[in-house]
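Structure, as structure tokens:
These numbers come from the heavy atoms of this one structure, side chains and all, not from hydrogens, waters or symmetry mates.
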Amino acid sequence: MKRNYFLALISAFLLWIAWPPMQFTAPLLLVALVPLLRAIESVIQSDQRAKGRKVFLLAGLTFLIWNTASIYWVFNSLNAVLPVWVASLISIIPFGLAALLMTLSFWLYYKMRRVAGKILSYAGLISFWIAYEYLHQTWDLAFPWMNLGNGFAETHSLVQWYEYTGVYGGTLWILIANILAFEIGAQNDTVAEGLKLKKKLTLALSAWIIIPITFSLIIYTRYTEAVNPANIVVVQPNVDPYAKWEKPAEWQTDQLIRLSDSVGQTNTEYFIWPETAVPQFIEEYTIRENPSYLRIQQFLSKYKNGNVLTGIESFNLYDTQETPTAAFNKSAGKYLDYYNAAVNIENSSKVQFYHKSKLVPGVESLPFASALSFLKPVFASFGGSSGGFGRQDKPSVFYTQSGLAAAPVICYESIWGSYVAEYVKDGAQFIAIITNDAWWGNTSGKDQHLAYAKLRAIETRRWVARSANTGISGFINQRGDLAQSSKWWVPTALKQDINLNSDLTFYVQYGDYIAWIGCVLAGLFIGLILIRSLKVNNAIES
């Protein structure tokens with residue numbers, strides 16, 4: 001077992017060194033799980049007791065180390081407002097939850113090996129892993145940050161085919177490559193049959209790796225954007241997120257306007273400001289009376305087709321409790337619901353709102369709220385409302401007076417390829433990501449978040465205009481290339497002529513079809529494990 005644990009550590013190291021923001025190392029993902037598979041096979045073939053527990057511990061060690069090393073920055077954001085011991089305890093949830101689900105995938109693979117052959121068990125492993133990734137992007141504790149397909153975000157020229165498969169295609173590619181590589185090493189090449197199979201497997205692995213890369217590079221080098229220009233400005237105000245609520249809203253709005261004006265042109269169509277750039281709770285029904293709104297409209301008067309797309313925190317008052325997150329406000333005598341929102345302001349009285357849908361668990365929403373309602377006071381102490389922010393179920397596309405269509409994607413939402421694809425399916429011609437990555441400090445968190453936006457550009461073939469409160473703002477073209485970027489902790493504004501696109505990729509049209517297939521197969525394989533295990537137990541008893 002010492003040797004097996006060492007192999008598990010090697011897999012953890014390879015996964016970490018291959019993960020963004022590391023440059024040029026992503027291909028290591030295609031073999032990073034081989035040491036772990038060897039360790040698990042060693043346990044399966046041994047005569048040890050409690051094999052299932054040993055497999056669980058080996059996989060758990062690998063994935064806990066990999067997850068913690070890759071998203072260590074989660075602790076930074078918590079430690080900034082909480083004592084070290086409290087931040088450490090809470091950090092265990094994001095560090096350990098995905099690792100636990102990954103571990104369960106390999107444990108179920110071990111269970112498959114007990115009742116089925118190798119090939120069927122490998123199909124089970126792939127399905128279990130894909131099902132875990134899909135679960136972890138859909139339930140109340142959603143955090144799809146560590147989906148395997150995200151690993152090629154910094155080597156995006158190799159995965160241009162994500163426009164057909166999304167990141168689940170990358171997950172499938174990585175898992176099958178690892179299985180083939182493991183099987184090559186497992187063959188006994190001292191006998192003719194083993195040598196012959198090893199050669200076939202080597203040929204299969206070579207084709208499995210080379211063909212997608214070649215196809216991707218062909219797409220990458222030949223891809224040409226249709227010319228349909230629009231001038232866009234992104235602003236990075238660089239306000240300390242822990243102090244922004246202490247600074248006057250009027251001063252912050254003036255800073256945003258000053259930076260916008262510094263690069264704005266007469267033909268600028270959009271000025272994009274970051275998440276919660278307007279630092280005050282604004283009632284949506286009365287926004288036209290708000291001083292910040294009036295100041296923005298005054299600024300836009302010099303830009304004929306100009307629009308400001310900005311993040312705000314808003315609220316609405318209702319006569320009845322229209323949403324589960326609304327709380328009764330005694331002073332107003334009505335129900336109150338808060339939103340992390342985006343707003344589109346133009347040179348008219350028309351105002352468009354979008355309420356963030358993918359809320360951060362524990363910060364913007366209370367997971368499993370009905371069961372954990374007793375934790376509402378704890379949640380409120382983290383800065384959220386007692387019931388969490390309100391949300392909307394479907395994305396909204398912002399349209400300008402000239403007909404330009406923008407996808408207002410707020411921070412965390414940019415990790416969801418399928419959700420961003422819904423904006424595009426509804427008509428969005430480019431993606432506007434507004435975020436506040438300053439919570440994490442100058443860590444790899446901000447770099448990973450930027451890198452994942454490259455995958456959204458490839459999946460949808462849309463430009464991404466990214467406005468961050470601080471580092472990293474910029475523009476990503478339809479191939480996923482970073483056309484411009486800001487530096488960390490520097491107030492600035494960037495302008496870019498981007499090409500709008502109205503064509504729909506295969507992925508936009510059909511979404512996460514690989515994940516759906518994986519989930520169905522995972523359910524069938526779990527059923528197979530239960531049925532065959534039951535038959536074995538009955539046979540033993542009889």
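In this structure, the salt bridge (charged side-chain N to carboxylate O under 4.0 Å, His left out) partners of Asp437, at least two apart in sequence or on a different chain, are Arg466. For Lys244, there are no salt bridge (charged side-chain N to carboxylate O under 4.0 Å, His left out) partners, not counting sequence neighbours. Under the rule for a side chain to side chain donor-acceptor pair (under 3.5 Å), the partners of Ser414 that lie at least two apart in sequence or sit in another chain are His449. Considering only residues two or more places apart in sequence or on other chains, Ser473 meets the side chain to side chain donor-acceptor pair (under 3.5 Å) condition with Gln236. Contacts of Glu183 classified as side chain to side chain donor-acceptor pair (under 3.5 Å), with partners at least two apart in sequence or in another chain: Lys118, Tyr122, Gln187. Partners of Lys356 by salt bridge (charged side-chain N to carboxylate O under 4.0 Å, His left out), not counting sequence neighbours, listed by chain and number: Glu275, Glu364. Trp73 is linked by a side chain to side chain donor-acceptor pair (under 3.5 Å) to Gln448, counting only residues two or more places apart in sequence or in another chain.
A salt bridge (Lys or Arg N to Asp or Glu O under 4.0 Å) check over residues 155-180, counting only residues at least two apart or in different chains, returns the pairs Glu163-Arg461. Screening residues 95-117 for side-chain hydrogen bond (donor to acceptor under 3.5 Å, both in side chains), with sequence neighbours left out, gives Glu41-Arg113, Tyr109-Arg113.
Taking a 6.0 Å sphere around CD of Glu193, one finds it holds 12 or fewer heavy atoms contributed by other residues, nucleotides or ligands.
Side-chain contact between Leu455 and Phe152: absent, with no pair of heavy atoms (C-beta onward) separated by less than 4.5 Å. At a threshold of 4.5 Å between non-hydrogen side-chain atoms, the residues Arg3 and Arg38 count as touching. Between Trp145 and Asn150 the shortest side-chain heavy-atom distance does not fall below 4.5 Å.
One side chain, His156 or Asp481, offers a donor N or O that lies under 3.5 Å from an acceptor on the other. For the 3.5 Å distance criterion, the side chains of Asp512 and Gln137 qualify, holding a donor opposite an acceptor. Residues Glu225 and Trp463 have side chains that bring a donor and an acceptor to within less than 3.5 angstrom of each other.
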(message) Quick one, Trp66 with Phe13, criterion ring-ring contact (aromatic ring centres under 6.0 Å, His included). Give me CA distance, side-chain angles, the key distance, then yes/no.
(response) CA-CA 7 Å; Trp66 171 41; Phe13 175 76; over 10 Å; no
(request) Apply salt bridge (Lys or Arg N to Asp or Glu O under 4.0 Å) to the pair Glu459 and Arg456, showing each step before the final yes or no. (result) CA-CA 5 Å; Glu459 291 165 347; Arg456 306 293 84 83; 2.8 Å; yes
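For Phe506 and Tyr510, the distance between ring centers is under 6.0 angstrom.
Looking only at distances, no side-chain donor or acceptor of Tyr423 sits under 3.5 Å from a matching main-chain atom of Gln429. Proximity of a side-chain donor or acceptor of Asn477 to a complementary backbone N or O of Arg462 within less than 3.5 Å is not detected. Between the side chain of Thr470 and the main chain of Trp488, no donor-acceptor pair closer than 3.5 Å is present.
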Would you tabulate the side-chain donor-acceptor contacts of residues 53-63 under 3.5 Å, counting partners in other chains and residues two or more places apart, or write 'none'?
| from | atom 1 | to | atom 2 | distance (Å) |
| --- | --- | --- | --- | --- |
| Lys54 | NZ | Arg49 | O | 2.9 |
| Thr62 | OG1 | Ala8 | O | 3.0 |
| Thr62 | OG1 | Leu58 | O | 3.2 |

Taking distance alone, no hydrogens or angles, what donor-acceptor pairs closer than 3.5 Å link side-chain atoms of residues 170-181 to residues at least two apart or in another chain?
| from | atom 1 | to | atom 2 | distance (Å) |
| --- | --- | --- | --- | --- |
| Thr171 | OG1 | Glu133 | OE1 | 2.9 |
| Thr171 | OG1 | Glu133 | OE2 | 3.3 |
| Thr171 | OG1 | Gly149 | N | 3.1 |
| Trp173 | NE1 | Trp208 | O | 2.8 |
| Asn178 | OD1 | Ala32 | N | 3.1 |
| Asn178 | OD1 | Leu33 | N | 2.7 |
| Asn178 | OD1 | Val34 | N | 3.4 |
| Asn178 | ND2 | Leu29 | O | 2.8 |
| Asn178 | ND2 | Leu30 | O | 3.3 |
| Asn178 | ND2 | Ile174 | O | 2.8 |

Donor-acceptor pairs are to be reported for all side-chain atoms of residues 85-95 against protein atoms at under 3.5 Å, with residues two or more places apart or in another chain.
| from | atom 1 | to | atom 2 | distance (Å) |
| --- | --- | --- | --- | --- |
| Ser88 | OG | Val84 | O | 2.7 |
| Ser91 | OG | Ala87 | O | 2.6 |

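Below 30°, between 30° and 60°, or above 60°: for Tyr132 and Trp129 the angle between ring planes is above 60°, a perpendicular geometry.
At least one cation-pi condition fails for Arg479 and Tyr223: the charged atom is not both under 6.0 angstrom from the six-membered ring centre and inside a 45 degree cone around its axis.
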